[in-house]
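Each chain gets a letter, A, B and so on, in the order its sequence line appears, and its residues count up from 1.
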2 protein chains.
Amino acid sequence: MDEKKKKHRFDLFEERCRQQGIPCTVQRRAVLDIILDSDHHPTTDQVFDVVRDRVPGISRTTVYRTLETLVRMDIITKTCHPGSAVRYDPRVEIHHHLVCLYCDDVIDIDSEQLNLLPVPDTSKEEFDVFDFRVQLRGICRNCKKKEVER
Amino acid sequence: MDEKKKKHRFDLFEERCRQQGIPCTVQRRAVLDIILDSDHHPTTDQVFDVVRDRVPGISRTTVYRTLETLVRMDIITKTCHPGSAVRYDPRVEIHHHLVCLYCDDVIDIDSEQLNLLPVPDTSKEEFDVFDFRVQLRGICRNCKKKEVER
DNA sequence: TTAAGTGCAAAAGCTTTGCGGGTAG
DNA sequence: CTACCCGCAAAGCTTTTGCACTTAA
């Protein structure tokens, strides 16, 4: 994420901390910094591996807790994907995903046309829709290569 | 799932077993039967809890392996969702999901309009799209009730 | 000062692996 | 017969919890 956007997100984070009486700790800032720089929807453990170099002594537990805190504060989101470890997304605004059915990787994609999608009626289910994501399911570049090699 | 559709899916399963030289065992039939009857995108463990009553002695490991086998055979699919246990979906044809951001529940929804969505160009990413799902993210009926109670 | 966060250790939950015996085709 | 599957036990990930100590505001 470019520096300007990042600064803006940090300002938002600090503002919400003040509003909600949430302490703005070294650990939280470091975790946020890393997730904003990531472009791969990292798992908690992947974030932990990077952050431990910058904040010596930080625990895995704190990373788990911090990521959930940031989600509750609406500073980052969770990514929906097949697979068994929770993954986080620095993007909160609308965008979509390419989901590889072979390696479960999730790649961001922007599409003005998809953003304009009409939201169907969900009153029958009594479900309130906030926003949406489109998952385009298929096979990624790397997995295509591997297929050929076989 | 109604009996006619179910029979059809079992026929497909047996046909693919023959084609691919995959033995059609008691365990696999039982697991498939249960997932086809489910309407809640069950986890492996939830499938195990039901199947153990019908096939005494079946192991959790077998259920894990069987569900992955059925996915590879394209008889069932994995569900994309936030949250940390893999969940399976008896539906392979196009449909969409309501995803509750509070309890991570996934509810099926059909929409002709969503099915007609234009697939954007993904040649830049060298990604081949097979199909797609729309995730409508928001809050479900149950979680709305809980919000009010607080 | 003090409410909340952090690290640690341990437990709990989810999934995979290796292997000897069993079974579908 | 024979390749593949199954159950078991154990190990390996992923995530949560309780508690004593520390820190942001």
Side-chain angles (χ1 to χ4, degrees), chain A residues 10 13-32 34-35 41-73 75 78-88 103-104, chain B residues 10 13-32 34-35 41-73 75 78-88 103-104:
Chain A
F10 260 96
F13 167 65
E14 287 172 11
E15 185 189 322
R16 292 200 181 147
C17 279
R18 275 192 299 278
Q19 279 171 3
Q20 303 176 36
I22 294 172
C24 175
T25 65
V26 172
Q27 291 89 340
R28 283 174 179 160
R29 259 194 294 262
V31 167
L32 178 56
I34 284 159
I35 192 116
H41 312 95
T43 62
T44 309
D45 217 55
Q46 287 167 342
V47 173
F48 175 64
D49 265 354
V50 180
V51 80
R52 65 194 313 185
D53 290 337
R54 301 197 204 165
V55 183
I58 192 170
S59 73
R60 195 178 252 100
T61 308
T62 295
V63 180
Y64 273 98
R65 284 191 285 226
T66 300
L67 288 167
E68 283 305 302
T69 303
L70 294 174
V71 169
R72 275 201 309 278
M73 293 173 75
I75 299 291
K78 281 194 201 189
T79 294
C80 293
H81 67 107
S84 62
V86 174
R87 294 170 65 174
Y88 296 89
C103 67
D104 291 350
Chain B
F10 260 97
F13 167 64
E14 286 172 12
E15 185 190 322
R16 293 202 180 146
C17 278
R18 274 192 300 277
Q19 279 172 3
Q20 303 176 37
I22 293 171
C24 174
T25 64
V26 172
Q27 292 87 342
R28 283 174 180 160
R29 258 195 295 263
V31 168
L32 178 56
I34 284 159
I35 193 113
H41 312 95
T43 63
T44 309
D45 217 55
Q46 287 166 342
V47 173
F48 176 64
D49 265 353
V50 180
V51 80
R52 67 194 312 185
D53 290 337
R54 302 197 204 165
V55 183
I58 192 171
S59 74
R60 196 178 253 101
T61 307
T62 294
V63 179
Y64 273 98
R65 283 191 285 227
T66 300
L67 289 167
E68 283 304 301
T69 302
L70 294 174
V71 169
R72 276 200 309 278
M73 294 173 75
I75 299 291
K78 281 195 203 191
T79 295
C80 293
H81 66 106
S84 62
V86 174
R87 294 170 64 175
Y88 295 90
C103 67
D104 292 349

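Between dG7(C) and Thr62(A), a contact under 4.0 Å exists linking OP1 or OP2 to a side-chain N or O. Between Gln27(B) and dG7(D), a side-chain N or O to OP1/OP2 separation shorter than 4.0 Å is present.
The side chain of Pro23(A) lies closest to dA24(D), out of dG7(D), dA24(D), dT15(C). Checked against dT15(D), dC6(D), dG7(C), the side chain of Arg65(B) finds its nearest nucleotide in dC6(D). Among the nucleotides dT15(D), dT16(C), dC8(D), the one closest to the side chain of Tyr64(B) is dT16(C). If you check dT14(D), dT6(C), dC8(D) against the side chain of Thr25(A), the one that comes closest is dT6(C).
Atom-to-atom, CZ of Arg16(A) to P of dA25(D) comes out at 17 Å; the value is rounded to the nearest Å. Rounded to an integer number of Å, the gap from Glu68(A) CD to dT6(C) P is 14 Å. For the pair Arg60(B) CZ and dC6(D) C1', the interatomic distance rounds to 16 Å; values are reported in whole Å. Going from atom CZ of Arg52(A) over to atom P of dG7(C) covers 12 Å, rounded to whole Å.
Across all strands shown, Arg28(A) has heavy atoms under 4.0 Å from sugar-phosphate atoms exclusively, and none from any base. Across all strands, Gly21(B) comes closer than 4.0 Å to no nucleic acid atom at all (heavy-atom distances). Heavy atoms of Thr61(B) sit under 4.0 angstrom from at least one base atom.
Residue-to-nucleotide proximity on DNA chain D shows that, of Val63(B) and Ala85(A), the 5′-proximal contact is made by Val63(B).
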